[in-house]
Novice: 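Below: one structure in structure tokens.
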Amino acid sequence: MIDKFVAIADAFEGVADGSTILIGGFGASGEPTQLIDALVEQGAKDLTMVANGAGAGGDFGISRLIEHKRVRKVICSFPGRKALVFAEQHKAGEVELEIVPQGTIAERIRAGGAGIPAFYTATSAGTLLGEGKPTEVFDGVTYVLERAIKADLALIEAWNGDRWGNLTYRSTGRNFNPIMAMAAELTVVQVQHKVELGDLDPETIITPGVFVNRMVHIPHGNPPKF
Amino acid sequence: MIDKFVAIADAFEGVADGSTILIGGFGASGEPTQLIDALVEQGAKDLTMVANGAGAGGDFGISRLIEHKRVRKVICSFPGRKALVFAEQHKAGEVELEIVPQGTIAERIRAGGAGIPAFYTATSAGTLLGEGKPTEVFDGVTYVLERAIKADLALIEAWNGDRWGNLTYRSTGRNFNPIMAMAAELTVVQVQHKVELGDLDPETIITPGVFVNRMVHIPHGNPPKF
Amino acid sequence: MTDKLLFENVKPRSRVEIAKRVAQDVTAGWCINLGIGIPTMIADYVPASAEVIFHSENGILGMGTAPSEADQDPWLINAGKQYASLVTGAAIIHHADSFAIARGGHLDLCVLGAYQVSQNGDLANWAIDGGESAPAVGGAMDLAVGAKRVWLLMTHLSKAGVAKLTENCSYPLTAAGCVKRIYTDYAVIDVTENGFEAIELVDGMTIEQLQRIVDAPIRMA
Amino acid sequence: MTDKLLFENVKPRSRVEIAKRVAQDVTAGWCINLGIGIPTMIADYVPASAEVIFHSENGILGMGTAPSEADQDPWLINAGKQYASLVTGAAIIHHADSFAIARGGHLDLCVLGAYQVSQNGDLANWAIDGGESAPAVGGAMDLAVGAKRVWLLMTHLSKAGVAKLTENCSYPLTAAGCVKRIYTDYAVIDVTENGFEAIELVDGMTIEQLQRIVDAPIRMA
């Protein structure tokens, strides 16, 4: 019987130092905050973290992971004004930063999950962020070649989940979570509600269980106010 | 007030000879059969048709469009053994054929809708279908460059639709329909059920109305038995 | 904008007034993304009856007005990370689909702010010099290259009094040649093949006065 | 397969028996795509308790057994365009997502038929000579390059009596170097860095006999 639910203490068993990790969420909405705490507990370091931002401040979530100096490099679109811990470490040269346009980071992650190693986009062509990347002209327009992002680990927040790993999300808590779930060797999910297999309508499942490896039932309630 | 519902007689107003058209469906499931009839009626010819197959036989759907000699070129993954009219016209040199692997045709259409002009895939590398296409090696694996498919017109079948064009599909009737809806200048949909705006749960809409231009309410029932 | 008038007898539009002016040019039924900050205000001046569909790049199609405090839902925020609401007919999508909409040309309009805009429509709105310790681009580049129309809502002069409409942008570009129209405190200006063309001046303003605060040739359309 | 025995005292496996043999090697919980035709039969021999998740490339994850005529739903078909069913826990997806699963390495196994397979794992199963008036590839190429494991279910000899396991494929390739294991009427064969290695022969069969129907060197593992 497939049962992907594990205890939170076992959620990150085997995660190695130096891993590339994806963290879902946009702002505090859909951020797998309790999983991040567990990853801090597990101790993996020298991480390359791919997320939309670099922390919403406070001592939770991405900010906490960075505060505990587990992150060597941040790949994100918008570090965020409240990402003070990150800003400090970045200024001190302790954390590298790669800024990627938000749509490009989303598409690179989706490509990683979909077996597309690289694709062209007009985004960033002729700008600082496109510098040094191969370009190609199609139908008179210049496009930049972007590489897929594949990760060792993804941390996902979802609303409902069954033991096969089928997931639904809540409102804008969806954001990067479904595409990140596709793009990692090990996808770990925290779900608000553990539901029975068959409770989710096959037509409304957003992430099929095939993308999910481990699940933790954490009825943690609402994201913190920001 | 946005109301995309039109009479079937007006569904293809302005469609020009020589258009590239996408037709949803896989087998008879999710094929916009009544729309195809209306397109035959409208009269556009010299069409380049992109679909999974080249007709399921009988005098309906894609087979009918081809029988009426409206199609100059077929781009598909699997013409199908029942596509006798197509086979005849292809043998006589009246219809061109471009065979594309099913996953590649799906991804090319999605790319067309997503503003990605081209992408790399391992599919068809080192095979007849990859011949003549640019290749690139990433991490030791050879990939083929595939171009996006963008169309003038898409014919879509859906289960529920509201006046903004928000859509849901039924079971495997979903297939190519949601990605084709994204990739055309003019997307025309036949829906089984016309529902009120707000009847569809925002979290379970598969195709948001932004991709849809015209809708026709055709409660045509089940696909024909095959 | 300073309290002192830059030109005698010419009252510049306030940000709210510019937002209202943009709203007048919005066509009913359009799908629109409003950039974070001032552009967001435009939504307040588009009548609900127009059924404009607002896109927020974090996954909303059909965003409504800001909710009252009682109605704030921490699961429902916009791209500026403010509390949001959904209108009847809204849809929720994930980030890759949301940017497929932006990049794929499905937005009828995107309204952004700007640090600089050049006479050929180059836009600079994400970084001052590229040397910031941590610049933040967000979705600006994808929106700028993808939307059918990019309009700007901006003041003519920076806080330091420097013209933002220029021959060439000195700040790092967001996207090249993307801007179609500019709504400012003094005028509405089209970016044409022949450079800047004003299509409307505020009351009392002359094209000669406008030229004094534009660092490139500008003429009436 | 002819009625006459090819080798005295060696009874080749029927297609059903090969399908059963493949089913024995399937690991519980795997996500599996079974190619159109004979491979589909494997599903009948995997116990439901194994909770193997069958993928059909037209958009099903969690396909069940063929429905009785009374339960046939024209909206629910598989990649072979036969009526299908869903198991508890199934999900419906669109074509791009379905092939993201195939191409993206999310299938633990894909079982296909073959016209030819070479000693380095090249697969030919979609066209005889590339000169057909209308060849049909379907999803075979995407599945072959994307699945974590590609196994074949096939007979050793073509209807014309020609060996299908060869040094080099003469038919157009589906994908290069993708095949890991071959289940045939006479043996189970791994494709290794050193070519074909039989890991199991049917009762009474010898490796020398097997070599006579394989057009490339083969040895016991």
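Letters A, B, ... are given to chains in the order of the sequence lines, protein chains preceding strands, and every chain is numbered from 1.
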Novice: Just so I understand: if I count every heavy-atom pair under 4.5 Å between each of A:Gly115, A:Ala118, A:Ala114 and chain B, which residue has the most?
Specialist: A:Ala118

Novice: Chain A contacts: which residues in residues 189-205 of chain B have a non-hydrogen atom closer than 4.5 Å to it?
Specialist: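 Heavy-atom contacts from residues 189-205 of chain B to chain A are B:Glu203, B:Thr204.
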
Novice: Among residues 162-173 of chain B, which residues come closer than 4.5 Å to chain A, judged by heavy atom distances?
Specialist: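 Expected list: B:Tyr169, B:Arg170, B:Ser171.
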
Novice: Among A:Ile206, A:Thr123, A:Ile116, single out the residue with the greatest number of heavy-atom pairs under 4.5 Å to chain B.
Specialist: A:Ile116

Novice: Tell me the residues of residues 134-161 of chain B whose non-hydrogen atoms fall below 4.5 Å from those of chain A, in number order.
Specialist: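 Residues in range: B:Phe138, B:Asp139, B:Tyr143, B:Leu145, B:Arg147.
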
Novice: Could you pull out all residues at least two apart from B:Gln42 that satisfy side chain to side chain contact (heavy atoms under 4.5 Å, CB included)?
Specialist: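 Per chain and number, B:Gln42 pairs via side chain to side chain contact (heavy atoms under 4.5 Å, CB included) with B:Phe12, B:Val15, B:Leu39, B:Ala44.
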
